[in-house]
There are 2 protein chains.
Amino acid sequence: MPTKRVTSHDVARQAGVSRATVSLVLNRSESVVIAKETRERVLRAAGELGYKPNSAARMLVSGQSETIGLIVSDPSILLVDQFVTQVLYGVETANRQLGLHVLVAGLESDGPGSTYDDLVESRRIDGLIVLNPKAGDAALISLIEKDFPLVLVGSVRHPREVAVTFATRPALMKAVDHVVGLGHRRVGAITFSPRSFIATEARLAALEAGLRAHGLALDADAIEIGDFSPESGHCAGLALLSRRPDVTAIFAGNDTIAIGVLSAAHALGRTVPQDLSLVGFDDLPFAPWLTPALTTIRTDGVHQGQIATQMLFERLNGRSPAVPRVRLEPDFIVRASTGSAKP
Amino acid sequence: MPTKRVTSHDVARQAGVSRATVSLVLNRSESVVIAKETRERVLRAAGELGYKPNSAARMLVSGQSETIGLIVSDPSILLVDQFVTQVLYGVETANRQLGLHVLVAGLESDGPGSTYDDLVESRRIDGLIVLNPKAGDAALISLIEKDFPLVLVGSVRHPREVAVTFATRPALMKAVDHVVGLGHRRVGAITFSPRSFIATEARLAALEAGLRAHGLALDADAIEIGDFSPESGHCAGLALLSRRPDVTAIFAGNDTIAIGVLSAAHALGRTVPQDLSLVGFDDLPFAPWLTPALTTIRTDGVHQGQIATQMLFERLNGRSPAVPRVRLEPDFIVRASTGSAKP
DNA sequence: ATTTCTAACTGACACGTGTTAGTAAGCGTC
DNA sequence: GACGCTTACTAACACGTGTCAGTTAGAAAT
C-alpha cells in the first residue's frame, strides 16, 4: 500500500476551510453552527478524496476504541462444541449492527490470565464479553469489582456481575416429566464438565429435583462426566451403560455429547429410542437430523450473544442495565430419541 | 473505572529519568545505549505503577495496530457448519502466539461490502485474512491489487492472490477408488454450494475425473446442491435418492451435510452402508461418532488457519511469502459408512 | 459612530507514544 | 588546556484527530 493517507487536513484544504470545520461537519451531525453551503462543500471534498478518519488518532483523543473484546475461555471447546460458535455469531452480528468492532481472544485455563489486562489497560477495548467464565478467575473478579464494563455469558456467582444465563430448571423439569411419563425409572446423566462448574452443578441439581418430584433419584453411579466433545460422550456413554445396564434414559450435557452417546448405545447393541431414551441439550442445528432426531432442550445461543451485546452497550453508554442478570428460558423440544420404556 | 491511567510520564518521574528514556528502555530490548542501573530503575518503576502503554498512542505514532482482521464471508455458515470455526480457532491461536490481536468481522453477501474499507482505511488493522472469499468481490480484488497484506483461506483465482487452499483431487481420487472398488457404479453428489463457487466446481471436477478414470460418469441428475447445513443435506438427499433410487453411493460436500443425508436415507428405509455408501468431507470432530462412523476426507481447518496466519505474518514483516499459494493435502479416512455394493 | 450581539468559522491545545538529533559529561590524547 | 571520542541521556517533534475558547464579519441596536 504505497498510497498516501488522506487526512482531515487534506479535506480542509480542498474545501477551503479549516481542519476544525471539517471535524465539526463530520461529527456534530445536526448542530446548526455550520452554514449549509459550507457543510456541503466539506462533505463533497471528503467524498471525493475518500477520507476515512484514522482510528488511532480518534481513539487517542476520545478515549474510546469503538471495539469490544470477546473472551473465549478454554477456546478449544470451539473445536468440538458448536454452541460457543452460536454465541459468537450472536455477538458479532449484534455488534456489527451497533457499529462496534469485535476483538476475539482465547483464554487458556492454564495460561497467564493476563489477557484481560492486555486488552483493558492498553485501552484497546471499551468493554468486554466473557464466554464461559470460570468462578475462580481472579483477574476477572478484579475487573468486575472495578466496575469495568463487562458482561458475562455464564456466571461466576459474583454479587455485582452482569450476566446472561439460562434458567434451565423449568425446561429440565418438563423434560423429566416427559421421560418419566414414558415410564422410565432408572435415569442417567452425562455432564459436559466437572460438577465444579456452576452450570453443570445447576443442571444436575435441577435434574435431581425433577426426579425427586416423581419419587425417583439420580444415582451417583449413573452420572458420568464429559468434556463437551462427542468423543467424551461416547466414552462416558459406554462406561455408564456398562456399569448400569438397567438405565433406560440418559440426559446428555449437550447435543454434541449426545452424538457420542448414540454411538455408544449402538456399539452396545441398544437401539434408541426402543432400548434407550436420550435427551440432549442446546438444540444445535444438526439435532433434528440425527438418527433418531434428538429430543433436546433448546438454548438460543445466538440470542444470548445478542442480549449480552445489548447489555454491554447500555453499560458503555453509562446506563446501568435495567436488569443486571438476564435469565433466558429454554424450550423443551420432543423428537424421536425418547420413547416408551420397555415394560 | 475511575482509576487514573498511568502514562510513561509517571514512570519517568518515579524513576527520575526523562520520558524518552522510559520509551527506550521498554522498546529497544537489547540496545546497549542505556546504563544497566538506569534500565533496572525504569523497569522497577514501570512494574510498581503497573504501566501499560496506550495502544492508541502507539498505533498513531507507529502506524501499526498489531491487529489483524478476520473476515468471515456469509457468517451464518458459522451457525451450521463447524468447519469455519476450526479455521477461526487456528487463526486465533496462531495470532495469540505471535502477539497479534484478531478482529472478527462478518461480511454479508448482500451487504454494502464496505467492511474492508472500514477496517483498512481507518488503519484499524495491519493485515487481513479472508475466509471463504467470493470470486466476484470487487472490494476484495481491489485490495489484492493494491498489494494490501491479505491472505485468503480459499481462492478467488486472482493471479496475485496469496492463499491457502486444499488440493482435494488426490484425496478424492483415493475416495473414488475406494468406493468403486467396493463395487459401486452409480454415484451421486451433494455439494455445499452452487457450482459457481470455485471449491465446489473443483471438487465436482475431481470427482468426475476420478469416476471417468474407472469408465464411470457423474450424471447431471445425480447431483444436488446444498448450502452447508444438515437440513440442506437432508432435503438434497431425499430429492436425489427419490429421483435416482439406483444410486448406491453418495459423496457429500461436507460432514455436516452428511448428517442430513444419513437422516434422509433412514427416512427412505435405506440402511448405511448396506443399502447406501456415504462419504463426507472435512472429518469434523463428530465424524467418527456418527452411526455409522463416517468415511470422509480430512481437511485440517485449524492448520489451514495457522498457515494463513504465518503467511500473513511474513507479509506484515515486508517479506513476500516463499510460496504465495499453499495447497494442503487432505487425507482420506475410511470408516464404516462405506461398504460393498449389493450384487 | 460606537457598541452590542449573533452567526460562522478558526487557532491552538490535548491525547500518549516512538524516535532522532542533539547535549552534557567523562576520559583519554596530543 | 584544547580537542576528539564515547557513553548516557534528554528536548523536541510527529502522528491525526476532537474540542473549546476565541476571532472575525456583518447586522442590529443605541
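Throughout, a chain's letter reflects where its sequence line sits, starting with A, and its residues are numbered from 1.
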Counting heavy atoms from C-beta on, name the nucleotide in C:dT10, C:dG16, C:dT20 closest to the side chain of A:Ala20. C:dT10
N/O (side chain, [X]) to phosphate O (OP1/OP2, [N]) under 4.0 Å:
{"X": "B:Ser8", "N": "C:dT17", "value": "yes"}
{"X": "B:Thr38", "N": "D:dC9", "value": "yes"}
{"X": "B:Thr21", "N": "D:dT10", "value": "yes"}

Between [N] atom [atom2] and [X] atom [atom1], what is the distance in whole Å?
{"X": "A:Leu24", "N": "D:dG18", "atom1": "CG", "atom2": "C1'", "value": "8 Å"}
{"X": "A:Glu37", "N": "C:dC9", "atom1": "CD", "atom2": "C1'", "value": "13 Å"}
{"X": "B:Lys36", "N": "D:dC9", "atom1": "NZ", "atom2": "P", "value": "14 Å"}

Does B:Gln14 use its side chain to pair, donor to acceptor, with the backbone of B:Ala46 at less than 3.5 Å?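 No, the answer is negative, given that no donor and acceptor are paired below the 3.5 Å cut-off.
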Start with the C-alpha gap between A:Glu40 and A:Arg44, add the side-chain angles, then the distance that decides, and say whether salt bridge (Lys or Arg N to Asp or Glu O under 4.0 Å) holds. CA-CA 6 Å; A:Glu40 281 169 2; A:Arg44 184 146 28 84; 5.9 Å; no
I'd like to know if [X] pairs up with [Y] as an ion pair, taking the criterion as any Lys NZ or Arg NE/NH1/NH2 lying under 4.0 Å from an Asp or Glu carboxylate oxygen.
{"X": "B:Asp74", "Y": "B:Lys134", "answer": "yes"}
{"X": "A:Arg5", "Y": "A:Asp10", "answer": "no"}
{"X": "A:Asp147", "Y": "A:Arg160", "answer": "yes"}

May I ask you to check whether A:Thr21 and A:Arg39 show a side-chain donor-acceptor distance below 3.5 Å? no
Side-chain donor or acceptor of B:Arg19 under 3.5 Å from a matching atom on the base of C:dG18? yes
Positions of residues 53-68 of chain A (non-hydrogen atom under 4.0 Å from DNA chain C), listed by number: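 Only A:Leu60, A:Val61 qualify.
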